[in-house]
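Keep in mind that the numbers below use all heavy atoms, side chains included, and drop hydrogens, waters and symmetry copies. By convention in this document, chain letters (A, B, ...) are assigned in the order of the sequence lines, proteins followed by strands, and residues within each chain are numbered from 1.
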There are 2 protein chains.
Amino acid sequence: MKKIKVKCWVEDEGEKFYGPGPNELLKRIQEEGSLSRAATKMGMSYKKAWELVQRLNQHAEEPLVILKKGGQHGGGAEVTPQGFEIMREFENLQRKIDEVVDQQTDLIKVLK
Amino acid sequence: MKKIKVKCWVEDEGEKFYGPGPNELLKRIQEEGSLSRAATKMGMSYKKAWELVQRLNQHAEEPLVILKKGGQHGGGAEVTPQGFEIMREFENLQRKIDEVVDQQTDLIKVLK
DNA sequence: AAGCGTTATGTATATACGTATATATCGCAA
DNA sequence: TTGCGATATATACGTATATACATAACGCTT
């Protein structure tokens with residue numbers, strides 16, 4: 001069974017910046033309130049998740065995620081309004097692209 | 001400067017089958033009439049190009065590329081009509097997706 | 001039979017990447 | 001001041017991928 005796949009992402013000066021991975025991470029952070037739990041739940045190492053957050057915050061005009069350490073619960077992570085906005089727009093773009101792909105059946109027809 | 005990137009490809013039973021790489025290779029083969037020259041021109045090792053052609057021909061209903069060895073010119077490679085058809089349809093899909101991406105400016109606006 | 005240019009194929013090396021592991025740091029609460 | 005749970009950071013290791021290199025096989029032409 002052949003299927004058309006599509007992936008979109010945002011680059012900043014040729015460097016990968018925001019894509020499906022970061023988008024899922026932001027969603028998990030929102031659910032969990034913790035970077036380590038978010039990373040674990042999506043099968044990503046904490047280190048990779050942490051580095052990803054650094055890159056996101058560096059390249060964005062304003063931080064997308066705020067990390068807090070120490071305190072009553074040991075710390076935590078939260079998605080900023082800017083983070084929410086990007087998630088919303090990114091998923092919006094993905095939806096539009098998926099619609100185009102769903103309409104396209106000619107390619108699959110050739111491949112059988 | 002932030003830019004939206006998009007990539008589409010075809011999978012067969014979860015395995016990558018046809019995408020931008022194979023598409024460029026087919027185009028080069030058509031131009032060069034030789035797999036080794038096609039691979040060299042696009043900076044791909046001959047071995048990788050050869051394995052790619054094997055995968056393409058195995059997963060497609062009919063061969064997309066025909067390789068001939070020996071003979072007056074040592075051999076050669078040519079794209080079959082089925083290969084041409086897939087190139088055409090794939091580039092058609094890419095064009096449609098690019099149009100959607102070009103229209104989408106909200107995401108970039110959020111990122112600045 | 002020899003030469004040519006291309007396809008065909010294996011092997012060893014290098015490189016990148018993710019992962020695991022270990023440890024330090026922080027700040028509130030008890 | 002001690003403990004807790006989370007963030008912060010470096011190092012080593014294993015695996016997958018890509019590359020380089022070497023060589024065989026092929027079939028037409030001369």
field: Distance in angstrom units between A:Y46 OH and D:dG5 P, rounded
entry: 16 Å
message: Just the rounded figure in Å: distance from P of C:dT11 to CD of B:E51.
response: 14 Å
task: Would you kindly give the CG-to-P distance between A:N57 and D:dT7, to the nearest whole Å?
output: 14 Å
field: Gap between atoms CD and P, on B:E15 and D:dT17 respectively (whole Å)
entry: 11 Å
Identified side chain to side chain contact (heavy atoms under 4.5 Å, CB included) partner of B:P22 from the options B:V53, B:V10, B:L52: B:L52
message: Taking B:E78 first and then B:K68, would you say they form a salt bridge - that is, a charged N and a carboxylate O separated by under 4.0 Å?
response: yes
query: Between B:D106 and B:K109, does at least one N-O distance fall below 4.0 Å, as a salt bridge requires?
result: yes
task: May I ask you to evaluate whether B:S36 reaches the phosphate of C:dT7, defined as a side-chain N or O under 4.0 Å from OP1 or OP2?
output: yes
- request: Assign B:S45 to base, sugar-phosphate, or nothing according to its heavy-atom contacts below 4.0 angstrom with the strands shown.
  value: nothing
field: Along DNA chain C (nearest heavy atom to each residue), the more 5'-positioned of A:K48 and B:Q54
entry: B:Q54
field: Any donor-acceptor pair under 3.5 Å from A:K2 side chain to B:H59 backbone
entry: yes
task: For A:L67 and C:dG27, give me the distance from atom CG to atom C1', rounded to whole Å.
output: 15 Å
- line: Separation of C:dT7 atom P from B:K68 atom NZ, nearest Å, is 12 Å
field: Whichever of A:H73 and B:Q72 has its nearest DNA chain D nucleotide further upstream toward 5'
entry: A:H73
query: For A:W50 and D:dT7, is the shortest distance between a side-chain N/O and OP1 or OP2 below 4.0 Å?
result: no
First encountered from the 5' end of DNA chain C, between B:R37 and A:G74: B:R37
- line: Between the CD atom in A:E11 and the CD1 atom in B:I4, the distance rounded to the nearest 0.5 Å is 11.5 Å
- prompt: If you check every side-chain atom of B:L35, which of C:dT7, C:dC26, D:dA6 has the closest atom?
  reply: C:dT7
query: Quick one: A:E32 CD to D:dG5 P, roughly how many Å, whole number?
result: 16 Å
- prompt: Within the structure shown, what part of the strands sits under 4.0 Å from A:K47 by heavy-atom distance: base, sugar-phosphate, or nothing?
  reply: base
- prompt: Over how many whole Å does the gap from B:M44 atom CE to D:dA18 atom C1' extend?
  reply: 11 Å
